There are 4 protein chains.
Amino acid sequence: MEPTQRRKELLDAAKQVFAEKGYHAAGVADIVERAEVARGTFYLYFKSKREVFTALLDYTFQTLMERLHMVSMDQPETIIRGLLDNMSAIERYFEEDSEQANIIIREAMLLDDDSAKRVDEMRQAVVEFLEQLLTHWQKQGILRPLDPVLTAHAVVGAVRGIFEQRMIHRRLEAGEGEVMEHLLSLFVFGIIDPEHFELAAGHMRDIGLED
Amino acid sequence: MEPTQRRKELLDAAKQVFAEKGYHAAGVADIVERAEVARGTFYLYFKSKREVFTALLDYTFQTLMERLHMVSMDQPETIIRGLLDNMSAIERYFEEDSEQANIIIREAMLLDDDSAKRVDEMRQAVVEFLEQLLTHWQKQGILRPLDPVLTAHAVVGAVRGIFEQRMIHRRLEAGEGEVMEHLLSLFVFGIIDPEHFELAAGHMRDIGLED
Amino acid sequence: MEPTQRRKELLDAAKQVFAEKGYHAAGVADIVERAEVARGTFYLYFKSKREVFTALLDYTFQTLMERLHMVSMDQPETIIRGLLDNMSAIERYFEEDSEQANIIIREAMLLDDDSAKRVDEMRQAVVEFLEQLLTHWQKQGILRPLDPVLTAHAVVGAVRGIFEQRMIHRRLEAGEGEVMEHLLSLFVFGIIDPEHFELAAGHMRDIGLED
Amino acid sequence: MEPTQRRKELLDAAKQVFAEKGYHAAGVADIVERAEVARGTFYLYFKSKREVFTALLDYTFQTLMERLHMVSMDQPETIIRGLLDNMSAIERYFEEDSEQANIIIREAMLLDDDSAKRVDEMRQAVVEFLEQLLTHWQKQGILRPLDPVLTAHAVVGAVRGIFEQRMIHRRLEAGEGEVMEHLLSLFVFGIIDPEHFELAAGHMRDIGLED
DNA sequence: AATGAATGAGGTTTCATTCAT
DNA sequence: CATGAATGAAACCTCATTCAT
């Protein structure tokens with residue numbers, strides 16, 4: 001069999017096994033059993049159990065990044081639309097690649113400092129983007145006084161929490177888009193200055209969200 | 001030595017070790033070494049490594065519950081105060097015993113289904129309380145239209161995210177109370193109906209929060 | 001069982017197994033089987049298979065060194081006696097513990113650079129002693145012109161060769177002392193200047209060796 | 001490619017790899033990598049890793065034997081010359097192909113009984129030749145009383161020891177011929193009867209050796 | 001109640017060899 | 001002839017748990 005294909009199969013098997021049993025409970029034995037190859041074959045493609053996990057992490061990281069669009073901060077009316085698109089993109093990825101991505105991200109924080117750092121980088125990337133966005137809006141005077149960093153972390157935490165419920169616990173089984181829209185409006189109204197409230201509500205309506 | 005005391009020492013040692021190395025990397029050897037007892041002694045007090053972890057989890061659960069006050073939903077003006085108090089209580093507990101926080105936030109969800117369920121119960125308890133609160137307010141017509149369950153999860157996720165940053169990464173090192181106040185106002189204004197905005201701002205001011 | 005005793009048993013088992021099968025063919029399984037302990041017990045006392053081998057090497061090194069007496073170079077008539085004593089001491093040790101000899105002579109040089117260096121040190125120690133002795137005698141003018149270093153290596157090589165035959169192949173089964181005496185006279189007469197031949201023969205006779 | 005050539009390439013690669021890493025540390029992977037052929041190709045030419053080693057041993061054995069001349073024991077004055085020539089021939093071969101020497105001197109004795117026996121045969125061939133020579137001389141009454149077998153082994157051991165130092169440790173870096181000459185004179189004078197000393201010295205001088 | 005030596009199942013990893021292409 | 005992916009037995013090592021003292 002073609003090596004690239006075999007490697008993919010092993011990655012896939014590993015992903016499933018890690019998702020089902022978690023990194024520690026999963027053995028290389030489980031992975032090769034699922035991939036239906038001999039034990040040694042695994043080690044032709046990966047140096048260790050650790051490495052296959054890292055490879056999965058890299059793949060997830062890369063795929064996620066590819067799916068995110070830049071959101072221009074210049075045209076205010078596109079920002080909210082852009083945010084929503086990105087949130088939906090992330091959710092769609094997690095939905096497509098069901099529990100696996102989640103488990104990977106959750107385990108990685110615990111596996112070792114390197115993996116944890118990797119995941120933290122992803123989070124930080126999002127946090128920083130939000131932070132800039134908030135600061136930008138703040139300068140335009142359309143926000144209540146609030147700490148952009150703290151708020152950014154709160155938003156990310158909330159999104160993560162919702163994802164966790166939906167992906168892992170299969171709770172909050174609303175239609176795909178609705179959940180993100182709900183979240184978005186929660187935050188938009190949570191941060192905006194009352195004076196500009198009607199403006200925001202307008203933007204929300206423009207993209208199809210009732211206030 | 002008095003058995004109760006010995007057990008406490010072991011729990012304490014285990015807590016530190018788990019916090020430092022994580023559940024899997026930590027060995028019973030590490031725990032007994034830190035507790036300065038023989039290996040066998042450990043098994044006089046706990047049936048297994050798993051059990052000592054569960055015991056820690058139980059203890060945390062119990063302590064946390066003890067620290068939370070009921071928030072009466074009858075007197076609207078006390079609700080926000082009560083929420084803030086509870087959030088601060090949780091934060092104070094985690095601050096006091098951040099090793100414990102580490103364990104709960106990071107490990108328990110992953111260890112096995114029992115532990116995960118246990119942590120989930122804690123989360124659910126808070127979610128349900130928030131949900132009732134939101135529903136209550138919604139009936140009073142002071143909230144924008146929003147999904148109480150989703151919103152509750154978002155709030156819990158945000159709080160958890162902030163805790164994670166503060167406890168584990170030692171980021172967001174603002175003064176203790178400020179962070180919770182910030183979070184609170186973020187949500188209060190995120191959920192409230194514009195018409196009642198000024199009322200909410202009043203309540204916030206009453207408890208010493210600028211809007 | 002007392003740890004010191006258990007460790008000794010394991011060392012002993014390892015020695016026998018290494019002697020019988022060689023380092024590579026021998027498995028930890030063989031060692032623990034011979035010692036009649038569980039596999040894990042081995043690792044309570046030694047970090048690895050390598051380590052137990054090194055421990056054996058160290059022990060041999062130490063024991064051998066303890067058995068060697070200093071040979072004073074001041075009194076010429078005692079030198080030959082001293083040399084003979086030392087050669088016999090070494091031989092006796094190898095005779096007593098021929099498994100050890102086997103291991104050292106045959107395996108250590110190949111295992112890795114560290115072990116090889118260790119064995120080489122032993123050889124070098126002897127070579128250097130001989131070298132000094134030869135230089136000493138050369139200054140007194142009682143030797144033919146020869147290269148002390150080369151000669152020292154030749155002597156050590158010859159002795160090693162004889163040991164190998166006797167210990168491993170069980171050839172050259174002469175009485176214990178005789179072999180060393182033979183070797184000694186071979187070299188004494190190989191290096192001495194013809195003019196001092198009679199003097200050397202006298203010394204040899206003094207210690208009971210016919211020329 | 002011509003099969004014979006390919007086989008030679010593999011033998012050569014194996015020789016280098018064995019010399020560098022030792023038999024056990026060397027893998028078939030190393031050999032085929034160096035030979036720049038695929039893994040399976042190796043097994044077209046050799047049944048196993050063991051076999052390629054044995055083949056190298058055979059080749060060495062054969063080459064060495066080809067390089068040795070018979071030394072006639074009838075004409076005494078040619079014997080010493082012949083011995084020296086043979087020793088130099090051996091040394092030259094090892095010098096030319098020191099990887100081979102490394103393998104033989106260091107590994108073959110340990111690999112298994114067959115290989116060990118093979119090397120031992122070579123040694124025994126030399127020992128027996130020397131033994132006959134010594135016995136021959138002894139009958140002519142030109143030797144001190146000594147055990148021919150023991151002496152033969154001593155000589156072989158000394159030569160081997162010197163080779164080892166020169167080939168492996170790169171010590172004793174004298175000019176090629178000198179070392180062997182030195183060794184020869186050491187033994188000649190070590191074994192000869194004092195009465196015939198001058199005769200021996202004459203022979204040595206005849207072939208260009210100072211006494 | 002306390003000890004700590006002993007256990008052994010279970011894990012990861014290696015590598016000589018095979019075989020379908 | 002040549003390839004190189006696949007094999008799987010066997011090696012080493014760990015560590016939660018037990019048990020005789």
Side-chain angles (χ1 to χ4, degrees), chain A residues 1-7 10 24-32 35-52, chain B residues 1-3 5-7 10 24-33 35-52, chain C residues 1-7 10 24-32 35-52, chain D residues 1-3 5-7 10 24-33 35-52:
Chain A
M1 174 170 296
E2 199 202 345
T4 312
Q5 174 59 16
R6 179 58 28 108
R7 190 185 145 91
L10 280 164
H24 286 100
V28 173
D30 300 307
I31 297 170
V32 297
E36 290 178 311
V37 295
R39 200 167 275 230
T41 304
F42 176 88
Y43 288 93
L44 288 180
Y45 295 91
F46 305 99
K47 234 179 33 261
S48 64
K49 180 178 149 187
R50 243 303 297 278
E51 204 192 76
V52 77
Chain B
M1 172 169 297
E2 202 201 340
Q5 174 60 15
R6 177 63 26 112
R7 190 184 144 91
L10 279 164
H24 286 100
V28 173
D30 299 308
I31 297 170
V32 297
E33 190 187 359
E36 291 178 313
V37 296
R39 214 158 234 251
T41 306
F42 177 88
Y43 287 91
L44 293 177
Y45 294 90
F46 303 99
K47 223 172 54 255
S48 65
K49 181 179 157 187
R50 250 289 310 273
E51 203 192 76
V52 77
Chain C
M1 174 171 293
E2 199 202 345
T4 313
Q5 174 60 17
R6 181 52 34 105
R7 190 184 144 91
L10 280 164
H24 286 99
V28 173
D30 300 307
I31 297 170
V32 297
E36 290 178 313
V37 295
R39 199 167 275 229
T41 304
F42 176 88
Y43 290 93
L44 288 179
Y45 295 91
F46 304 99
K47 235 182 25 265
S48 63
K49 181 177 147 187
R50 246 299 301 277
E51 203 193 77
V52 78
Chain D
M1 173 169 295
E2 203 202 340
Q5 175 59 14
R6 174 68 22 115
R7 189 185 145 91
L10 279 164
H24 286 99
V28 173
D30 299 308
I31 296 170
V32 297
E33 190 187 0
E36 291 177 312
V37 296
R39 214 160 238 249
T41 306
F42 177 88
Y43 287 91
L44 293 177
Y45 294 92
F46 303 99
K47 223 171 56 253
S48 66
K49 181 179 157 187
R50 249 289 310 275
E51 203 192 77
V52 77

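Source: prediction; values computed, not measured. Below, chain A is the first sequence line, B the second, and so on; all start at residue 1.
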Worksheet entry | side-chain N/O A/T41 vs F/dT7 OP1/OP2, d < 4.0 Å |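 For A/T41, the contact criterion (side-chain N or O under 4.0 Å from OP1 or OP2 of F/dT7) is met.
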Item to complete: Kindly say if B/R6 contacts the phosphate of E/dA2, meaning a side-chain N or O under 4.0 Å from OP1 or OP2.
Response: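 Yes.
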In whole angstrom, what separates [X]'s [atom1] from [N]'s [atom2]?
X	N	atom1	atom2	answer
A/Q5	F/dA5	CD	C1'	14 Å
C/L10	E/dA6	CG	C1'	11 Å
B/E36	E/dG4	CD	C1'	16 Å
D/R39	E/dA20	CZ	P	18 Å
D/F42	E/dA16	CZ	P	9 Å
B/I31	E/dG4	CD1	P	17 Å
A/R7	F/dA5	CZ	P	13 Å
C/Y43	E/dA6	OH	C1'	16 Å

Worksheet item: Of B/V28, B/V52, B/I31, B/T41, which is the lone residue that meets side chain to side chain contact (heavy atoms under 4.5 Å, CB included) with B/F46?
Response: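 For B/F46, the side chain to side chain contact (heavy atoms under 4.5 Å, CB included) test succeeds with only one of B/V28, B/V52, B/I31, B/T41, which is B/V52.
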Where [X] and [Y] come nearest, the two heavy atoms and their spacing:
X	Y	result
A/R39	A/V32	CA-CG1, 3.9 Å
A/Y45	A/R7	O-NH1, 3.6 Å
C/L10	C/A35	CD2-CB, 3.8 Å
C/K49	C/A26	NZ-O, 2.9 Å

With a non-hydrogen cut-off below 4.0 angstrom, is [X] in contact with a base, only sugar-phosphate, or nothing?
X	answer
A/F46	nothing
A/G27	sugar-phosphate
D/A26	sugar-phosphate

Discussion item. Output the pairing pattern of DNA chain F as a dot-bracket string, 5' first, Watson-Crick or G-U wobble with both distances under 3.5 Å, | for cross-strand pairs, [ ] for crossing pairs.
Written reply: .||||||||||||||||||||
Practice prompt. Map B/Y45 and D/H24 onto DNA chain E by nearest heavy atom, then report which one ends up closer to the 5' terminus.
Written response: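 Nearest nucleotide further toward 5': that of B/Y45.
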Worksheet item: D/K49 or A/K47: which one's nearest nucleotide on DNA chain E is closer to the 5' end?
Response: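 The 5'-side residue here is A/K47.
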Worksheet entry | Whichever of A/V37 and D/G40 has its nearest DNA chain F nucleotide further upstream toward 5' |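 Result of the comparison: D/G40.
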